[in-house]
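Both counts, for ligands and for their atoms, begin at 1 and track the order of listing.
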Amino acid sequence: MLDKVRIKEQEVDSFKISNQEDLEKFRLAYISTKGEIASLFSEFRNVPVEEKKAFGIELNKLKSKAESKFKGAATALSEEATSSADTTIDLSLPSIPHQLGSRHPLSIVKNRIVDIFSRIGFGLSEGPEIEDDWHNFTALNFPPDHPAREMQDTFFIDQDSQKALRTHTSSVQIRILENIQPPVRTLAIGRVYRNEAISARAHCIFHQVEGFYVDKKVSFKDLKQTLLYFAQQFFGPKTKIRLRPSYFPFTEPSAELDIYWGLKTEADYKITKGTGWLEIGGAGMIDPNVMKNCNIDPDEYAGFAFGMGIERMAMLKYGIKDLRLFTENDVRFLRQFTSLDLA
Ligand code: PHE
């Protein structure tokens, strides 16, 4: 019987464990409770009494030999595995960059406008996008038969045509002036809606910035200086502006605000229609009727107001040729503005 143990011992000694598979085979053969060493133990009771002692000693030696061989091999193999895994990690490789989002170009322009005007005391106001006729038209001195009130121009949202999507941010003038005693100096920025066919130059949804200032002695020259300051801050210190006589029901006198764009390239001729000047908004002195509609005495107070298109300013500043890009959410377009946000 002792021979059986010795033979097993030789087997254990010569068993080569060079990978996980060998290790598992070794475990099943000699360590497992169903393995060969376990079965030698179960033969113990058949061993003649005089041999029992020696058999027991040898068998226990064999058992611990197999166990320590198994443990040794297992540790060696797992160390090998981690060290070889280490060599596949190249610590000098640059990491996969974390994708940062970027601000939308219209938000960048909007923030810039707010920043520029805040330096000369303009606050920020808001009004609803669903407006009533009073705030969007009547209080702003639109006559009852004004074409802007037609279905072709305005999106009305209910049957009796009393509520509509605001067609301009001038409605916020009324909302503020009705509620706050002058002096008031504020901007109103937001979305406006007009029933227009969508093209590279026009959209039915766009954004405006409205600014107005009402106080005791506000004059047209304050308006002009404010617009010049803004244009030079926004487009560059050499920017020239021009105010062209125009008409709005809610301002008197009214003007169209142009900036000098130049005529250096053929494209300049095209976008300025050969004049070198580009329109960026409307402006004027707030009409006395508008003041009265807000319970402000036009003999005591005066005010100016202006309104500009944000898309238009973003297009000019960044050379964007198609208005539709702003709402298409193409990341290739949007990503170009990542670094500008930080500037
Ligand atoms: N509300 C006018 C428009 O949408 C712009 C404007 C605002 C003109 C304020 C004069 C004063 O075209």
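Geometrically, ligand 1 and Arg194 share a nitrogen or oxygen pair separated by less than 3.5 Å. Considering backbone and side-chain atoms together, Ser170 places an N or O closer than 3.5 Å to an N or O of ligand 1. Remark: ligand 1 and Gln208 share an N or O pair separated by less than 3.5 Å (distance only, no angle test).
A ring-centre distance under 6.0 Å is found for Phe117 and Phe306.
Ion pairing of Lys61 with Glu58 is present here, as a side-chain N (NZ or NE/NH1/NH2) and a carboxylate O approach within less than 4.0 Å. Between Glu131 and Arg175 there is a salt bridge, since at least one side-chain N of the basic residue sits less than 4.0 Å from a carboxylate O of the acidic one. Of the charged side-chain nitrogens involved, none lies within less than 4.0 Å of a carboxylate oxygen, so that Asp222 and Lys217 do not count as a salt-bridged pair. Between Asp133 and Arg149 a salt bridge is recorded (basic side-chain N to carboxylate O distance below 4.0 Å).
Looking at Arg166 against ligand 1, nothing comes within 4.0 Å, counting heavy atoms. With a heavy-atom cut-off of 4.0 Å, Phe250 touches ligand 1 through its side chain alone. Residue contacts with ligand 1, taken as heavy atom pairs separated by less than 4.0 Å, do not involve Ser254 at all.
Proximity of Arg201 to Glu311: side-chain heavy atoms (C-beta onward) are nowhere separated by under 4.5 Å.
Those atoms of ligand 1 that come under 4.0 Å of a heavy atom in Glu210, given as number and element, are 7 (C), 9 (C).
Distances from atom 10 (C) of ligand 1 to the heavy atoms of Ala283, Ala148, Gly309, Gly307 show the closest one on Ala283.
Within the structure, the side chain to side chain donor-acceptor pair (under 3.5 Å) test picks out the following pairs touching residues 252-265 (sequence neighbours left out): Arg242-Asp258, Arg244-Asp258, Ser246-Glu256, Thr251-Ser254, Trp261-Asp268, Thr265-Asp268.
The shell of residues lying under 4.0 angstrom from ligand 1, judged by heavy atoms, excludes Met308.
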